[in-house]
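Atom set for the values below is all heavy atoms of this structure, side chains included, hydrogens, waters and symmetry mates excluded. Lettering of chains follows the sequences in order, A, B, ..., and the numbering in each one begins at 1.
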Amino acid sequence: MAFLKGFGACLPARVVGNEEMAAITGTTPDWILNISGIEERRFAAADETVADLATAAAQDCLSRCGVPASALGMVIVAGGTSGRSFPGPALTVAHRLGLTGAPALDLPIPSAGSLFGLALAARLAAEYGHILVISAEKMSDVVRRQPVEPGVAVLFGDGAGACVVSAADGPAEIIDSVIYSDGAFTEDLCLDFASPLHMNGRAVIMQATRKIPRAISEILDRCNVPATEVDAFIMHQANQNLIDGVARGLGVLSSRFYSNIRRYGNTSAASMLIAATEWSQAGGFRGGAPVVFAGFGAGFNWGALLARGV
Amino acid sequence: MPVDLESRIVAIIETVSKQPVKVGPDESLFDSGLLDSFALPDMVTALEKEFGITVPDSDLTPRKFESIASIGRYVESRME
């Protein structure tokens with residue numbers, strides 16, 4: 001048995017509107033808005049690292065949950081832009097939180113990384129107690145790599161989200177989760193050490209539009225929860241059209257899917273937990289009401305998690 | 001490609017794209033603006049329903065659905 005105890009987030013202060021992105025990408029603000037639905041995103045400062053964003057999100061989360069860092073049994077940091085091969089940001093974050101023995105695990109998984117982190121934590125909580133799952137990305141470093149690909153660069157932003165998964169209690173119990181990987185599509189969405197992000201958008205959307213609803217349906221069917229009875233869907237914020245497509249595939253209203261992509265763009269692994277933080281601040285879990293989390297991204301990796309308010 | 005198969009595929013593309021199809025069988029549906037990333041999955045679902053076929057995830061690649069001719073070849077291969 002595991003619980004979602006609470007969420008937290010960190011969004012860099014600098015707001016980058018479409019006029020600035022148009023200058024970076026050689027496009028126009030109207031074109032950016034038309035192809036993405038994104039009005040602005042956040043960019044971290046040049047000297048701000050993924051570990052900095054992750055630590056700030058962790059502190060926000062722990063504060064909201066009322067859990068002291070000393071009570072953590074494990075730290076998991078997910079993301080695809082850690083900045084160096086090793087050690088990853090998880091160790092830095094754990095050190096900054098004052099932890100000296102708790103295992104700190106990096107998941108170099110963009111986009112779906114936070115969902116994978118939650119699913120793993122749900123299974124490990126019985127042994128490790130409070131597990132802090134963080135997802136953090138500095139996509140601004142990636143999108144400015146030359147040659148800039150406008151259709152990709154305008155989509156992304158920086159940020160971090162966090163969640164404490166607890167074996168003891170919390171406002172929602174994790175009922176079930178599924179995670180999947182399929183390496184047949186590794187070249188369709190990939191990031192080398194110095195190259196720009198490569199994305200075959202059509203392949204990504206084709207796969208995501210099918211795999212996300214299927215994963216969600218799998219856990220809902222297993223738990224006998226009709227999609228129409230789900231209180232809220234909190235999904236990786238990749239693209240509003242994708243979110244709408246998933247809603248259509250499940251036969252539910254798109255308004256059931258929390259969305260903040262207009263304000264932050266796609267913050268990759270960080271997006272789902274940033275969305276969860278805002279959603280929880282706006283009301284969050286209600287007693288007995290099911291809530292679905294879902295993610296999809298490079299790999300491809302994808303999955304879904306069902307929680308229920310207690 | 002049999003005429004009937006081509007006309008059924010064209011009808012699906014017109015429904016999904018909400019536009020008349022005025023491209024040749026080998027022209028790119030993407031370059032012509034008839035299909036984009038988000039219309040593509042809807043078209044695949046419509047093909048499955050129309051022809052009673054199943055498109056496995058491993059076949060969900062844009063190249064297979066690039067043109068009326070490539071769609072026709074794929075549909076025929078799944079109906080065999």
Side-chain angles (χ1 to χ4, degrees), chain A residues 31 34-38 149 151-152 154-155 178 180-189 198-218 235 238-251 254 257 259 261 266 296-297 299-303, chain B residues 8-19 21 23-79:
Chain A
W31 180 81
N34 285 340
I35 67 145
S36 68
I38 297 165
E149 170 53 56
V152 175
V154 301
L155 302 177
V178 291
Y180 292 107
S181 300
D182 184 353
F185 303 94
T186 52
E187 302 309 309
D188 284 318
L189 181 52
H198 169 72
M199 179 165 68
N200 179 350
R202 288 176 191 139
V204 173
I205 296 299
M206 285 184 92
Q207 293 289 328
T209 305
R210 182 167 292 203
K211 286 179 162 69
I212 299 171
R214 186 190 295 153
I216 292 172
S217 294
E218 181 181 345
M235 197 178 114
N239 185 303
Q240 187 59 49
N241 287 327
L242 176 59
I243 293 173
D244 294 342
V246 171
R248 210 165 50 243
L250 291 168
S254 195
F257 283 67
S259 175
I261 193 165
N266 178 346
F296 177 94
F300 294 127
N301 297 304
W302 70 100
Chain B
R8 289 164 75 187
I9 292 170
V10 168
I12 286 172
I13 297 168
E14 287 183 333
T15 301
V16 170
S17 67
K18 300 182 179 70
Q19 297 178 58
V21 173
V23 297
D26 292 309
E27 285 184 68
S28 169
L29 299 169
F30 305 127
D31 295 344
S32 66
L34 281 166
L35 289 182
D36 62 17
S37 303
F38 296 98
L40 200 48
D42 290 341
M43 186 191 69
V44 171
T45 302
L47 289 170
E48 289 180 312
K49 191 178 286 184
E50 173 70 19
F51 296 104
I53 60 173
T54 300
V55 179
D57 285 9
S58 56
D59 284 351
L60 284 175
T61 60
R63 198 163 41 82
K64 284 188 163 58
F65 304 96
E66 173 89 28
S67 65
I68 294 167
S70 65
I71 294 169
R73 283 192 296 274
Y74 180 73
V75 169
E76 283 183 313
S77 74
R78 297 301 297 176
M79 293 174 74

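At least one donor-acceptor pair under 3.5 Å links the side chain of B/E48 to the backbone N or O of B/V55. For the pair A/R202 (side chain) and B/L40 (backbone), a donor-acceptor distance under 3.5 Å is absent. No donor-acceptor pair closer than 3.5 Å links the side chain of B/E50 to the backbone N or O of B/I9.
Per-residue counts of heavy-atom pairs under 4.5 Å with chain B were compared for A/I205, A/V204, A/N200; the largest is that of A/I205.
Here the side chains of A/F257 and A/D244 are not in contact, with every heavy-atom distance at 4.5 Å or above.
To the nearest 0.5 angstrom, B/F38 atom CZ is 10.0 Å from A/Q240 atom CD.
Of the atoms belonging to A/D188, not a single heavy atom falls under 4.5 Å from chain B. Heavy atoms closer than 4.5 Å to chain A are found in both the backbone and the side chain of B/F30. Using a 4.5 Å cut-off between heavy atoms, B/D36 makes no contact with chain A at all. For A/A203, the parts lying under 4.5 angstrom from a heavy atom of chain B are both the backbone and the side chain. At a 4.5 Å heavy-atom cutoff, the contact between A/N239 and chain B is made by side-chain atoms alone.
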